[in-house]
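These notes concern the structure reproduced below.
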Amino acid sequence: MEGIQPRADASNRPNPSVNNPIHPVAVIDVGTSSIRMAIAELHADGQYRTLETLSQSVSLGKDTFSRGRIARSTIEDAVRVLRSYRKLLREYGIERSDQIRVVATSAVREADNRLAFLDRVYSATGLDVQALDEAEVNRITYLGVQPLLKSRPELAAARAVIMEIGGGSTEILVVHRGDVLYSHTFRLGSLRLRKMLDSHNETRSQERQIMRTQIGLTIEEIIRNVPAAEGPTDQGLELIALGGDVRYAASQATAPSTPQEIEEVPLAHLEKLANNTLDRSVDELVRSDHLSVPDAESLGPSLLGYVLLAQRLQLNHVLVCDANLRDGLLQDMAARDAWMDDYHEQVIRSAVSFGRKLEFDEDHALHVANLTRHLFEQLEKEHELPPRYGLILYLAALLHEIGFFIGTRGYHKHTYYLIINSELFGMSKHDLQLVATVARYHRRSSPKPTHEMYMRQSRENRIAISQMAAMLRVAIALGRSRSRRVRELQCSNERNRIVITVPHVEELAMEQLALKQSGSLFEEIFGKPPMLRTESLPQA
């Protein structure tokens with residue numbers, strides 16, 4: 001749905017000088033049916049301005065979803081497009097790796113020859129393509145729509161279901177008052193669904209019924225995670241639709257001279273267009289509507305998905321937003337430090353929500369997690385871990401007891417299983433592996449060479465896991481009374497010991513005993529035993 005747009009004039013291009021606070025960057029999205037690029041200038045205040053956008057069709061998904069691998073000819077088509085993009089980027093002065101981010105979604109991620117594709121692109125163009133996992137796509141989608149939600153108070157207050165039906169998958173975010181309540185990626189995409197139907201000799205009516213059934217199963221899962229109305233102050237429910245197919249539908253419903261950041265499209269119009277599209281063959285759509293073959297294949301199934309969800313939510317319209325994955329990527333590059341705190345809060349809220357479903361002791365979990373945060377900060381010179389590990393440790397502490405939901409015997413192993421099979425907002429599979437492994441070692445045996453999930457990690461991660469597990473055990477010992485009386489602490493290095501001073505607490509006998517029982521891993525990893533010390537309030 002996105003053709004190649006006119007190039008920006010040379011006068012519109014930034015002058016990348018040393019003193020210029022404007023920095024040119026580019027993001028490239030290697031998608032299911034197209035490779036799209038956005039060129040922008042980043043400003044010192046964290047804002048960005050898009051200079052030029054391009055899109056060229058390459059049917060990666062058609063190969064992956066029908067044959068499981070990307071054909072050699074399709075790989076070379078992608079290389080040709082990316083070479084042409086690279087040439088244009090040189091004209092803009094965009095050549096350094098920190099100025100360019102190239103990502104790929106489900107069509108590349110799921111291909112059996114994914115590594116061969118990534119290596120071929122790198123050797124031919126010098127572009128390092130990152131195959132995004134589902135959690136990262138959800139995070140970037142959230143970044144892309146966040147400015148819209150902030151600029152529209154009525155949307156921020158509403159229960160917003162944000163949906164993008166792509167060629168290979170469907171992304172769902174449920175956001176209320178700025179908080180992500182639910183995020184999930186379903187392996188249900190318009191092109192994937194079309195390729196599944198191509199293997200059957202069904203009538204057009206039968207095909208539509210199969211589509212309705214498959215889409216309906218996904219929609220019921222979505223509905224279960226949409227919060228109910230909160231009484232008279234509730235601002236209602238909105239479906240915000242993203243994606244090229246639904247933007248095309250919106251363009252057919254509104255005057256071309258009045259493009260908006262967000263369009264309200266009547267559901268009746270969307271349903272009529274979906275039915276009209278599904279009634280015609282791909283060849284008819286290409287000839288009469290001047291669509292490309294990939295767009296003609298995906299349009300009908302995609303619109304049907306938006307219609308069925310809107311109907312199930314009992315809405316009479318759909319809000320179509322022009323935000324896309326490239327917007328989220330640019331937002332990520334432009335204001336990374338500015339949104340980091342908000343991102344961490346969203347991840348933690350997602351973990352708390354997960355814990356509640358498993359009936360965890362929320363007060364105790366939050367207390368232990370906060371103690372690990374203090375320890376991570378106080379022991380920075382000892383562990384020398386990057387800041388992102390602080391979030392990993394916090395989440396492991398927050399969820400370390402969720403295994404009780406399955407049973408008390410070996411519950412630390414149940415905890416590992418539950419975390420590794422969860423889907424926390426913004427956390428990749430690799431991140432979840434780290435969280436799960438740290439939580440698994442919060443008690444009993446220390447990491448061993450016989451533990452497969454530990455040995456699969458790199459040496460760097462194995463050291464980090466051991467350090468975080470050691471800090472988690474100390475935090476659990478400090479919270480052993482479950483009274484939450486230990487709220488502050490200070491760490492100091494004294495005579496080859498790590499002294500943890502706890503102010504405003506008269507005695508720590510229970511905590512001292514717990515630390516003696518579980519502090520051996522800390523001494524083993526950091527080479528110094530931990531010791532508790534009280535610091536009483538001064539007498540009046």
Side-chain angles (χ1 to χ4, degrees), residues 134-135 137-165 169-186 188 215-243 246 262 264 267 305-321 323 328 339 342-363 365-366 395 398-399 402 405 418 421-427:
E134 292 92 338
V137 173
N138 278 329
R139 183 184 73 84
I140 293 171
T141 299
Y142 170 71
L143 288 177
V145 300
Q146 195 179 37
L148 172 69
L149 296 176
K150 286 184 175 180
S151 67
R152 299 286 188 96
E154 72 279 8
L155 289 183
R159 291 167 290 135
V161 180
I162 301 165
M163 180 184 203
E164 179 168 8
I165 301 176
S169 59
T170 295
E171 313 294 335
I172 292 290
L173 290 170
V174 179
V175 182
H176 190 204
R177 296 193 177 97
D179 295 338
V180 178
L181 305 182
Y182 174 71
S183 67
H184 194 77
T185 298
F186 296 92
L188 179 76
I215 294 170
L217 293 173
T218 298
I219 286 174
E220 290 309 309
E221 175 64 25
I222 296 169
I223 294 296
R224 283 194 289 271
N225 289 278
V226 176
E230 296 183 350
T233 61
D234 186 75
Q235 296 297 309
L237 182 67
E238 293 286 1
L239 172 59
I240 301 176
L242 313 179
V246 75
I262 191 164
E264 183 176 306
L267 181 58
Y306 294 112
V307 167
L308 292 178
L309 180 56
Q311 290 175 340
R312 186 67 177 79
L313 293 173
Q314 299 181 337
L315 300 173
N316 59 16
H317 66 267
V318 173
L319 298 179
V320 178
C321 177
W339 63 257
D342 178 66
Y343 163 63
H344 281 192
E345 288 178 10
Q346 296 298 344
V347 175
I348 292 168
R349 286 192 185 100
S350 177
V352 170
S353 177
F354 178 55
R356 287 171 179 167
K357 292 178 182 177
L358 299 173
E359 301 175 2
F360 76 150
D361 185 341
E362 184 173 341
D363 289 340
L366 286 169
L395 295 175
L398 196 63
L399 300 173
I402 61 172
F405 186 78
L418 289 169
N421 288 285
S422 68
E423 187 169 323
L424 302 183
F425 170 74
M427 299 299 288

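Taking CD of Glu345 as the start and OG of Ser350 as the end, the distance is 13.5 Å to the nearest 0.5 Å. To the nearest 0.5 Å, atom CZ of residue Phe405 and atom CG of residue Leu418 are 8.0 Å apart. Between atom NE2 of residue His344 and atom CG of residue Leu395 there is a gap of 9.0 Å, rounded to the nearest 0.5 Å. Considering CG of Leu319 and CG of Leu155, their distance stands at 6.0 Å, rounded to 0.5 Å. Put simply, CD on Gln146 and OG on Ser151 are 11.0 Å apart, with the number rounded to the nearest 0.5 Å. Between the OG atom of Ser422 and the CD1 atom of Ile402 there is a distance of 7.0 Å, given to the nearest 0.5 Å.
When all heavy atoms are compared, the tightest approach of Leu188 to Ile215 is CD2-CA, 3.8 Å. Shown here for Ala323 and Gly144, the closest heavy-atom pair between the two residues is CB-O, 3.7 Å. Across all their heavy atoms, Met427 and Tyr343 have their closest contact at SD-OH, 4.4 Å. The two residues Leu424 and Ala351 come nearest to each other via the heavy atoms CD2-CA, 4.0 Å. Minimum heavy-atom separation, Phe186 to Ile172: CE1-CG1, 4.0 Å. Across all non-hydrogen atoms, the minimal contact from Val226 to Leu237 is CG1-CD1, 3.8 Å.
Within 6.0 Å of the CD atom in Glu220, the count of heavy atoms belonging to other residues, nucleotides or ligands exceeds 12.
At a threshold of 4.5 Å between non-hydrogen side-chain atoms, the residues Met163 and Leu242 do not count as touching. The closest side-chain heavy-atom distance from Ser353 to Leu181 is not below 4.5 Å. Between Ile240 and Val161 the shortest side-chain heavy-atom distance does not fall below 4.5 Å. Val246 is not listed as a side-chain neighbour of Glu164, based on a closest heavy-atom distance of 4.5 Å or more. Side-chain contact between Val352 and Leu398 is present, with at least one heavy-atom pair separated by less than 4.5 Å. Contact check for His184 versus Glu171: no side-chain heavy atoms found under the 4.5 Å cut-off.
Looking at Tyr306, its side chain does come within 3.5 Å of a backbone N or O of Ile165 through a donor-acceptor pair. Between the side chain of Ser183 and the backbone N or O of Asn138 there is no donor-acceptor pair closer than 3.5 Å. Between the side chain of Gln346 and the backbone N or O of Val180 there is at least one donor-acceptor pair closer than 3.5 Å.
A side chain to side chain contact (heavy atoms under 4.5 Å, CB included) with Glu221 is found for exactly one of Asn225, Thr218, Leu217, Ile223, namely Asn225.
By the 4.0 Å N-to-carboxylate-O rule, Arg159 lies too far from Glu238 to be salt-bridged with it.
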Run the side-chain contact (heavy atoms from CB on, under 4.5 Å) test on Leu315 and Leu267 for me, step by step, so that the C-alpha distance in whole Å, both residues' side-chain angles and the decisive distance to 0.1 Å come before the verdict. CA-CA 8 Å; Leu315 300 173; Leu267 181 58; 5.6 Å; no
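Seen from the ring of Phe425, Arg349 does not count as a face-on cation partner, given the 6.0 Å and 45° thresholds.
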